[in-house]
Amino acid sequence: MTLTAVPIEIASELSQKALDYITELVEGTYALDDILQFITEYNSDDFINYYVDYVEQGEKVGFDVVDAFLEINNIRDIASTLEVYIGEYESEADFAENYYNDIMDVPDALVIDWAETFHQSLSYDYDYVKGHMKGYVFRHDF
């Protein structure tokens, strides 16, 4: 890859270290468009320090999950995504209901406000990030 593949308006703002790293990654298996999008969304320092972790986590759990994780966490924590990702749920209430049904036999006769249960007893330990169709749940402790 030549540096002419990087649009001049982006290349002019990048350090030589960032440009060299782009070249190295693109000569490997990384897509230039994805790299440029990442740099635009974050910055060249984050690209150098975290891009490979971002891609690795995205390939393991999905880029939509990683992006949701980054909505509530710092890019420095990207390597923890898989470790703290719990799953995909329709809502906070759906997560709360599944959580409690997994740990105990909740009688069907009880009428429970699962959304309020999430907010009162689970939101201290879990984050719910709304996605396009569903949401993603992450543990706080990492």
Side-chain angles (χ1 to χ4, degrees), residues 1-106 108 110-142:
M1 176 192 94
T2 64
L3 292 181
T4 57
V6 177
I8 191 71
E9 63 274 4
I10 295 174
S12 65
E13 296 180 15
L14 298 175
S15 67
Q16 188 59 48
K17 182 177 180 180
L19 291 169
D20 291 343
Y21 194 48
I22 291 170
T23 301
E24 177 185 330
L25 291 180
V26 171
E27 286 175 353
T29 60
Y30 295 87
L32 178 61
D33 289 341
D34 294 341
I35 289 170
L36 296 177
Q37 181 180 347
F38 184 91
I39 291 170
T40 301
E41 187 160 332
Y42 298 97
N43 60 55
S44 61
D45 289 337
D46 287 343
F47 163 68
I48 292 168
N49 294 316
Y50 306 109
Y51 184 71
V52 171
D53 289 336
Y54 174 84
V55 172
E56 287 174 357
Q57 293 296 309
E59 289 173 346
K60 290 177 183 175
V61 296
F63 287 97
D64 52 338
V65 173
V66 176
D67 292 338
F69 174 83
L70 290 175
E71 285 185 33
I72 56 171
N73 294 289
N74 193 292
I75 188 87
R76 290 185 305 260
D77 300 320
I78 192 73
S80 299
T81 305
L82 177 63
E83 173 188 340
V84 299
Y85 176 58
I86 301 300
E88 192 172 331
Y89 296 88
E90 295 287 333
S91 64
E92 295 165 336
D94 183 41
F95 170 69
E97 183 175 6
N98 280 287
Y99 178 88
Y100 282 105
N101 280 323
D102 284 348
I103 62 172
M104 67 179 76
D105 187 21
V106 178
D108 291 334
L110 292 180
V111 177
I112 299 172
D113 182 339
W114 289 113
E116 191 60 27
T117 300
F118 176 85
H119 291 288
Q120 290 294 318
S121 66
L122 296 174
S123 65
Y124 300 103
D125 295 319
Y126 299 94
D127 287 310
Y128 180 85
V129 180
K130 185 98 174 103
H132 296 296
M133 300 295 285
K134 294 184 178 183
Y136 308 98
V137 177
F138 302 95
R139 281 192 338 265
H140 285 210
D141 61 342
F142 63 94

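What's counted below: heavy atoms across the whole structure, side chains too, no hydrogens, waters or symmetry copies. The structure displayed is predicted, hence computed values, not measured ones.
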Residues, nucleotides or ligands: over 12 heavy atoms within 6.0 Å of Lys130 NZ | yes
Would one find more than 12 heavy atoms of other residues, nucleotides or ligands at under 6.0 Å from atom CD of Glu116?
-> yes
Provide the closest heavy-atom pair for [X] versus [Y] in the form atom of the first, atom of the second, distance.
X: Asp53; Y: Asn49; answer: OD2-O, 4.3 Å
X: His119; Y: Ser123; answer: O-OG, 2.8 Å
X: Leu82; Y: Gln57; answer: N-OE1, 2.9 Å
X: Glu83; Y: Arg139; answer: O-NH1, 3.0 Å
X: Ser44; Y: Ile39; answer: N-CG2, 4.3 Å

Side chains of [X] and [Y]: closer than 4.5 Å at any heavy-atom pair?
X: Val65; Y: Phe69; result: no
X: Leu70; Y: Ile75; result: yes
X: Tyr21; Y: Ile35; result: no
X: Tyr126; Y: Tyr99; result: yes

So how far is it from [X] [atom1] to [Y] [atom2], rounded to the nearest 0.5 Å?
X: Asn43; Y: Glu13; atom1: CG; atom2: CD; answer: 11.5 Å
X: Glu71; Y: Asn73; atom1: CD; atom2: CG; answer: 10.5 Å
X: Asp77; Y: Phe142; atom1: CG; atom2: CZ; answer: 4.0 Å

Look at the aromatic rings of [X] and [Y] and report parallel, tilted or perpendicular, splitting at 30° and 60°.
X: Tyr85; Y: Phe138; value: tilted
X: Phe118; Y: Tyr128; value: perpendicular
X: Tyr54; Y: Phe63; value: tilted
X: Tyr100; Y: Trp114; value: parallel

Given Val66 and Ile78, is the side-chain contact (heavy atoms from CB on, under 4.5 Å) satisfied, shown in steps?
-> CA-CA 8 Å; Val66 176; Ile78 192 73; 3.2 Å; yes
Between Arg76 and Tyr50, does a side-chain contact (heavy atoms from CB on, under 4.5 Å) hold up when you go through it step by step?
-> CA-CA 7 Å; Arg76 290 185 305 260; Tyr50 306 109; 2.9 Å; yes
I would like to know whether Asn98 and Asp102 meet side-chain hydrogen bond (donor to acceptor under 3.5 Å, both in side chains); could you show each step before the answer?
-> CA-CA 6 Å; Asn98 280 287; Asp102 284 348; over 6 Å; no
Quick one: which of Ile22, Leu14, Leu36 gives a side-chain contact (heavy atoms from CB on, under 4.5 Å) with Phe47?
-> Ile22
Determine, stepwise, if the pair Gln16 / Asp20 fulfils side-chain hydrogen bond (donor to acceptor under 3.5 Å, both in side chains).
-> CA-CA 6 Å; Gln16 188 59 48; Asp20 291 343; 2.7 Å; yes
Among Asp67, Thr81, Asp127, Asp64, the one residue meeting side chain to side chain donor-acceptor pair (under 3.5 Å) with Tyr136 | Asp64
